[in-house]
Structures are given as structure tokens and as C-alpha cells.
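Just follow the structure's listing: the first ligand is 1, and inside any ligand the first atom is 1. Any value given below was found using the heavy atoms of this structure, including those in side chains, with hydrogens, waters and symmetry copies removed.
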Amino acid sequence: MDEKKLIEAALEARTHAYTPYSHFQVGAALMTKSGNIYQGCNIENAAYSPTVCAERSAFFKAVYEGERGFAAIAIAGSPEGECNAYAPPCGVCRQVMMEFCDPKEFRIFLVKSSEEYQEFSLEALLPMGFGPVNLDRQEKPE
Ligand code: THU
């Protein structure tokens with residue numbers, strides 16, 4: 001996987017953020033198993049609750065285009081200006097990842113710059129997550 005390319009795409013996506021209220025800018029770049037990249041940014045709203053996170057805007061673009069298999073997401077978020085902190089994905093975005101991604105395989109990169117980033121699995125960030133398999137399974141979850 002070309003993780004540097006994905007990280008650069010998240011930093012670039014952050015420049016698209018619409019954040020007149022929080023001034024907290026987030027960019028995300030989602031890579032499919034076939035290597036396609038979909039970018040997203042947070043888009044805020046005067047009524048606040050309609051705000052969408054960068055991660056979900058990337059997922060929804062990709063799913064709309066017919067993508068269903070994902071390998072990794074890079075997330076770059078910090079107060080406006082230089083990206084100078086790590087922004088972990090919110091719980092709602094982790095749950096959206098759980099819908100489409102294998103928690104053991106899916107990689108999440110938290111990005112400060114193209115040189116500084118951390119990698120996690122979805123399973124590490126959402127232990128014992130509820131996903132589509134739970135609707136089929138008869139036995140208790142492990
Ligand atoms: N935000 C994201 O885009 N992704 C997250 O996972 C956490 C929060 C956005 C939402 C809002 O526009 C701003 O960051 C402050 O919460």
C-alpha cells in the first residue's frame with residue numbers, strides 16, 4: 001500500500017474543510033482495496049448537528065460510487081493553520097468504518113505531517129464493535 005500517497009491526500013483534503021464555527025479542519029483520504037483514493041473533509045452547518053465529519057464524507061462519496069472494499073483511511077485534523085496534532089476519529093465515524101471494513105485488516109493512519117503519523121487497526125480503536133456479521137450470527141460474540 002502506498003501509505004505516503006494516502007497521507008498526502010489527507011493533508012490536501014484538509015484544505016477543503018468548511019469550518020466557520022469550530023475552525024477545526026479535518027481531511028480524510030480513504031483507500032479502496034483496489035487502490036482508489038476518495039477524499040473527504042468536515043462540512044459544518046449553522047444548525048450544528050447537520051455537520052458531517054471528514055471520514056464520513058469520504059466513505060459516503062466512495063460508497064455512492066459503488067466501492068465496497070476498503071484497505072485504509074488517513075485522517076489529518078487540527079485547529080486551522082498548520083496541522084499540528086493528531087485527531088482520532090469520532091465514535092460515529094468508527095461505526096461507519098465497521099459497516100464496510102474488516103476490523104482486523106482495516107488500517108487507520110492519524111496524520112500530523114507527511115513524516116509524522118501513527119497507525120492503528122479498526123479493531124484497536126473500536127474493540128468488540130457491532131457490525132453486519134452480528135446480525136447473522138447465532139452464537140454470542142467473542
Ligand atoms: N470532526 C471530523 O471531521 N472528524 C472526526 O472524527 C472528529 C470531528 C470535525 C467535526 C467538526 O466539524 C469539527 O471536527 C470539530 O468537532
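Given atom 9 (C) of ligand 1, the protein heavy atom at minimum distance is N42 ND2, 3.4 Å. Annotation: atom 8 (C) of ligand 1 to nearest protein heavy atom, C53 SG, 3.9 Å. If you check which protein heavy atom lies closest to atom 4 (N) of ligand 1, you get E55 OE1, 2.8 Å. The nearest heavy-atom contact from the protein to atom 12 (O) of ligand 1 is E44 OE2, 2.5 Å. Ranking the protein heavy atoms by distance from atom 3 (O) of ligand 1 puts A54 N, 3.0 Å first.
Between C93 and ligand 1, not a single N/O pair is under 3.5 Å apart.
Residues S78 and R14 have side chains in contact (heavy-atom distance under 4.5 Å, counting atoms from C-beta outward). Looking only at side-chain heavy atoms (C-beta outward), P79 and H23 stay at 4.5 Å or farther from each other. Considering only heavy atoms from C-beta on, S121 stays 4.5 Å or farther from I108 through its side chain.
Note that atom 16 (O) of ligand 1 has no protein non-hydrogen atoms nearby, at separations under 4.0 angstrom.
Which parts of ligand 1 touch C90 is read off a 4.0 Å heavy-atom cut-off, strictly below it: atoms 5 (C), 6 (O). Remark: ligand 1 atoms within the under-4.0 Å shell around heavy atoms of P89 are 6 (O).
A 6.0 Å sphere centred on NZ of K4 holds more than 12 heavy atoms belonging to other residues, nucleotides or ligands.
Contacts with ligand 1 closer than 4.0 Å are made by side-chain heavy atoms of S22 only, the backbone lying farther away.
No heavy atom of G77 sits closer than 4.0 Å to any atom of ligand 1. Proximity of T19 to ligand 1 is not established, as no heavy-atom distance is less than 4.0 Å.
Here CD1 of I75 is found 9.5 Å from SG of C53. Values are rounded to the nearest 0.5 Å. Expressed to the nearest 0.5 Å, how far CG of L30 lies from SG of C101 amounts to 7.0 Å.
Aromatic rings from F106 and F70 are positioned such that their centres are separated by 6.0 Å or more.
Aromatic ring pairs are classed by plane angle as parallel below 30°, tilted from 30° to 60° and perpendicular above 60°; the pair F59 and F100 is parallel.
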